[in-house]
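Throughout, a chain's letter reflects where its sequence line sits, starting with A, and its residues are numbered from 1.
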Amino acid sequence: MPHSYSALSAEQKKELSDIALRIVAPGKGILAADESVGSMAKRLSQIGVENTEENRRLYRQVLFSADDRVKKCIGGVIFFHETLYQKDDNGVPFLRTVQDKGIVVGIKVDKGVVPLAGTSGETTTQGLDGLSERCAQYKKDGADFAKWRCVLKISERTPSPLAILENANVLARYASICQQNGIVPIVEPEILPDGDHDLKRCQYVTEKVLAAVYKALSDHHVYLEGTLLKPNMVTPGHACPIKYSPEEIAMATVTALRRTVPPAVPGVTFLSGGQSEEEASLNLNAINRCPLPRPWALTFSYGRALQASALNTWRGQRDNSGAATEEFIKRAEVNGLASQGKYEGSGEDGGAAAQSLYIANHAY
Amino acid sequence: MAHRFPALTPEQKKELSDIAQRIVANGKGILAADESVGTMGNRLQRIKVENTEENRRQFREILFTSDNSMSQSIGGVILFHETLYQKDGQGKLFKNILKEKGIVVGIKLDQGAAPLAGTNKESTIQGLDGLSERCAQYKKDGADFGKWRAVLRIADQCPSSLAIQENANALARYASICQQNGLVPIVEPEVIPDGDHDLEHCQYVTEKVLATVYKALNDHHVYLEGTLLKPNMVTAGHACTKKYSPEQVAMATVTALHRTVPAAVPGICFLSGGMSEEDATLNLNAINLCPLPKPWKLSFSYGRALQASALAAWGGKAANKKATQDAFMKRALANCQAAKGQYVHSGSSGSASTQSLFTASYTY
C-alpha cells in the first residue's frame with residue numbers, strides 16, 4: 001500500500017461534499033419516493049388502487065405538487081427510474097418541479113437482493129454491472145445523488161460474517177462508482193427489525209455492520225465527506241416483548257453511530273422501516289435531543305413514514321389530491337422539526353413523550 | 001457473529017471511561033516519561049550523564065516533584081516499569097507523589113519490536129504473553145492506564161498490508177486485555193517520519209492505518225469510550241524538501257482523524273516524534289484551531305517535546321533542580337494552552353504566528 005492514486009480531483013471532491021451538505025442542511029431530510037413497481041403494488045393494493053403506470057404517476061404528482069413549505073424541510077428526493085422521466089398533468093417533468101424548489105434529485109440504482117448460497121436465507125444486492133454508465137446518464141439527466149439498499153437480518157445465526165462482508169463490499173463498490181460520476185452515494189446497510197431480539201442485540205449487530213461498512217469504504221478509497229449514511233435506528237425486534245422509550249432508542253442509536261461512523265460523514269439519514277409516522281418522528285426527535293455529542297447531521301430519509309397518511313387520504317381519487325398533499329406536507333414539517341430536536345409531539349401526551357424513561361444501568 | 005457476550009460490565013465501562021476523560025480534561029495532556037533503559041541512555045549521553053538507575057531516578061524525581069500546579073497541565077504520566085517502583089529522596093513512591101497531585105499513572109506495556117519475515121524490514125510488537133497477569137499486577141500497584149507503541153514506516157512497499165494488519169491486531173489484543181484488567185489502553189500506531197515523502201502521502205498512509213486499527217478494535221470488542229489514541233501528527237518525512245506550515249500540518253492531521261476515528265474515542269494525544277518542543281506546541285495549537293469538526297479532545301502525549309529543555313537545564317546536577325522544573329513546567333503549560341488553541345508563540349507578534357500559510361489548492 002505504498003502509493004496513493006487519487007480517486008477524485010479536488011473539484012470532484014468539492015462538488016460531492018457540497019451536494020451532500022445541501023441535502024442535510026439544518027432542518028432538512030429526504031423523501032424516499034423510490035418504491036419499485038413491486039413495492040408500489042403493495043402500497044396501492046392497501047388502498048384498493050390498481051398498480052398502473054398512470055396511477056403511480058398520479059400518486060407521485062400528489063407528493064411533488066407540494067408547495068414551497070417543503071423547501072425548508074426537504075433537502076432531497078429519491079426517485080425510482082420510471083418516475084425520473086415522468087411528467088405532471090401540465091407536462092412538466094417531476095424532476096424539474098423538484099429541482100425548481102431547490103431540492104436535490106436522487107435515484108435508486110440497486111437492482112434488488114439475491115440469495116447468498118450456503119447461508120440461512122441471507123442476501124446481497126445486485127446492480128454493479130454497467131453502473132458507471134448508468135450513473136453518468138443519470139447525472140446528465142439531473143440526478144446528483146443515488147441510493148443502494150443492502151439488507152441484513154438478525155436471527156440465531158445471522159447476520160453471518162459473509163453477509164456482513166459481502167454487503168459492505170458491494171456498498172463500497174457502488175459508492176466508489178457513484179463518486180467517479182459526480183453522484184453522492186447514500187450508503188444503506190439496513191438491519192431489518194424482524195425478530196424478537198432486544199435493543200442491546202440490535203445495537204451490537206448495528207455496530208459490527210457499520211464498522212465493516214466503514215472499513216470497506218476506506219479500502220475502496222471512498223471520499224467520506226461526499227457520502228451519506230442511511231442506517232436503521234437501533235430498535236428492538238418487532239416481536240420483542242420489552243418496550244423501549246424513544247430516549248432509549250435514541251441513546252442506543254447514537255452510541256452505535258458514535259462508535260463507528262467517522263465524523264467526516266456529513267449526515268446520517270435514518271430509514272423508517274416499519275415504524276409508524278409518529279413513531280418515526282418521535283424517535284428522530286429523541287435522537288436529536290440525545291445528550292451525547294453528535295458530529296454529523298441526524299435526519300430522515302423516510303418512505304412510508306412520510307407518505308402513509310397521504311396515501312390513505314388520496315385513495316386514488318383526484319378530488320382527494322389536495323388534502324393528501326397537505327398530509328404529506330404536515331409530516332415533512334414535523335420531521336424537519338424532529339431533525340432539530342424541536343418536535344413537541346402530536347399533542348396527546350406531549351409531556352409524557354418527552355419524559356425520559358432511560359434506564360441508568362443499561363450501559364450502551 | 002450471532003451472539004453477544006459482553007466483554008465488560010457497566011461498572012467496568014464506567015471506570016474506564018472516567019479514567020480516560022480525567023486524563024484529557026480541560027486541556028490536560030500526558031507526560032511520556034516511559035523511556036526504556038536503553039532510550040534513557042541516549043538521552044543522558046547527550047547531556048554527558050552516566051546512565052545509572054540512580055541518575056534515571058533523580059531526573060524523574062525532579063520532574064514529578066514539580067509544583068502541584070503541574071496537575072493543571074498534566075493529566076497523566078506514563079512510566080517505565082522500573083520507575084513505577086522508584087521512590088523520592090524521602091522514600092516516597094513516585095506513583096503516590098503523582099496520584100496525590102491528581103495525576104493518573106500509566107505504564108508502558110509493550111516489549112519491543114520483532115521482525116516480520118518476508119517484508120522490507122518491517123516489524124510487529126511483542127508483549128502479549130502473560131499480559132493479563134502483568135496488567136492485573138500493575139493495576140494493583142497503582143496504574144490506571146497502559147501504553148503500547150506499534151511502529152510503521154513509509155518506504156518502498158511500506159507499510160505493507162501485512163504490517164498494518166498485524167500491528168493493528170496486536171494493538172487490539174493489547175487493548176482488550178488492558179480493559180479486562182481495569183486499565184485504559186492508549187493505542188499508539190506510530191507512522192514514523194523517516195523518509196522523503198510529502199504531507200499528502202503521510203496523510204494517505206495515516207488514514208489507511210487508522211481505519212485498520214479501528215476495524216481491529218471493533219473486531220476485538222474493545223470499548224472505545226475507555227481508550228485513548230496516540231497517533232503521529234500528519235507531517236512530511238524528515239528528508240522531504242518541501243516545507244509545510246503548522247496550519248497545513250493541522251489540516252492534514254485533523255482531516256485524517258475525522259475520516260477514521262469514531263467520535264466515541266474521548267481523546268487523541270499526539271506523539272511528538274522528532275519534533276522540537278516549540279514545533280510540537282505550535283502544531284498542537286494549530287490542530288486545535290483547525291476549522292473542521294473535532295469531537296474528541298486533541299491533546300499531547302509528549303516525551304522529548306516536554307523534557308528536552310529540562311534535561312539540558314539539569315545536566316545531572318542536583319543544584320539545577322529549580323531550573324529543570326521551571327523548564328519542564330513552561331513546556332507543560334504551553335502545551336496545555338495549545339490543547340485549547342490558546343497558545344501564543346512567545347517572542348513573536350501573535351498575528352504573524354497565526355498567519356495562515358495554508359495552500360488553498362491542496363485538497364486533503
Side-chain angles (χ1 to χ4, degrees), chain A residues 1-6 8-14 120 154-161 163-164 197 200-201 203-205 207-212 214-219 221-225 254-266 292-296 360-364, chain B residues 1-6 8-14 17 120 154-161 163-164 197 200-201 203-205 207-212 214-219 221-225 254-265 292-296 360-364:
Chain A
M1 187 285 293
H3 296 287
S4 61
Y5 306 95
S6 295
L8 299 164
S9 69
E11 293 74 27
Q12 285 176 303
K13 284 180 173 177
K14 183 174 196 321
S120 172
I154 298 177
S155 74
E156 181 70 20
R157 299 208 183 290
T158 65
S160 65
I164 295 177
H197 52 273
K200 266 197 211 185
R201 178 87 189 281
Q203 184 185 330
Y204 176 84
V205 172
E207 288 177 16
K208 293 301 176 191
V209 167
L210 290 178
Y214 282 96
K215 180 59 164 62
L217 291 176
S218 170
D219 290 344
H221 316 300
V222 174
Y223 176 59
L224 294 187
E225 293 89 325
V254 176
T255 300
L257 297 174
R258 276 169 52 80
R259 289 175 181 170
T260 54
V261 183
V265 175
L292 298 175
R294 300 162 261 119
W296 348 255
N361 64 9
H362 174 194
Y364 296 88
Chain B
M1 195 285 295
H3 297 285
R4 185 179 58 83
F5 306 96
L8 299 164
T9 64
E11 292 74 28
Q12 284 175 304
K13 284 181 172 176
K14 184 174 194 319
S17 169
N120 181 8
I154 297 177
D156 181 33
Q157 305 299 311
C158 301
S160 63
S161 311
I164 297 177
H197 51 273
E200 214 168 25
H201 193 62
Q203 183 186 330
Y204 176 82
V205 171
E207 288 178 15
K208 293 303 178 191
V209 167
L210 290 177
T212 308
Y214 281 96
K215 180 59 164 64
L217 292 176
N218 183 284
D219 289 342
H221 316 301
V222 174
Y223 176 59
L224 293 187
E225 291 89 330
V254 180
T255 299
L257 297 171
H258 104 304
R259 287 175 181 170
T260 54
V261 184
V265 174
L292 295 175
K294 305 180 290 290
W296 349 255
S361 63
Y362 172 33
T363 309
Y364 297 87

- Closest heavy-atom pair, B:N218 versus A:E207, reported as atoms and distance to 0.1 Å, is ND2-O, 3.6 Å
- Item | Approximate separation, where rounding is to 0.5 Å, of B:L224 CG and A:T255 OG1 | 11.5 Å
- Task: Heavy-atom pairs under 4.5 Å with chain A are the metric here; pick the option from B:K14, B:H221, B:H258, B:K294 that has the most.
- Result: B:H258
- Please list, chain by chain and in numerical order, all residues satisfying side-chain hydrogen bond (donor to acceptor under 3.5 Å, both in side chains) with B:H197, sequence neighbours excluded. none
- Message: Quick check on the interface: out of B:L8, B:L217, B:T212, who has the most heavy-atom pairs with chain A under 4.5 Å?
- Response: B:T212
- Give, for atom CH2 of B:W296 and atom CZ of A:R258, the distance between the pair rounded to the nearest 0.5 Å. 11.5 Å
- Step by step, would you call A:K215 with B:Y214 a side-chain contact (heavy atoms from CB on, under 4.5 Å)? CA-CA 8 Å; A:K215 180 59 164 62; B:Y214 281 96; over 6 Å; no
- Scanning both residues in full, the closest heavy-atom pair of B:T255 with A:E225 reads CG2-OE2, 4.1 Å
- Counterpart residues, side-chain hydrogen bond (donor to acceptor under 3.5 Å, both in side chains), relative to A:H197 (two or more places apart): none
- Query: For B:K215 and A:A211, which heavy atoms make the closest approach, and how far apart are they?
  - Reply: CD-O, 3.8 Å
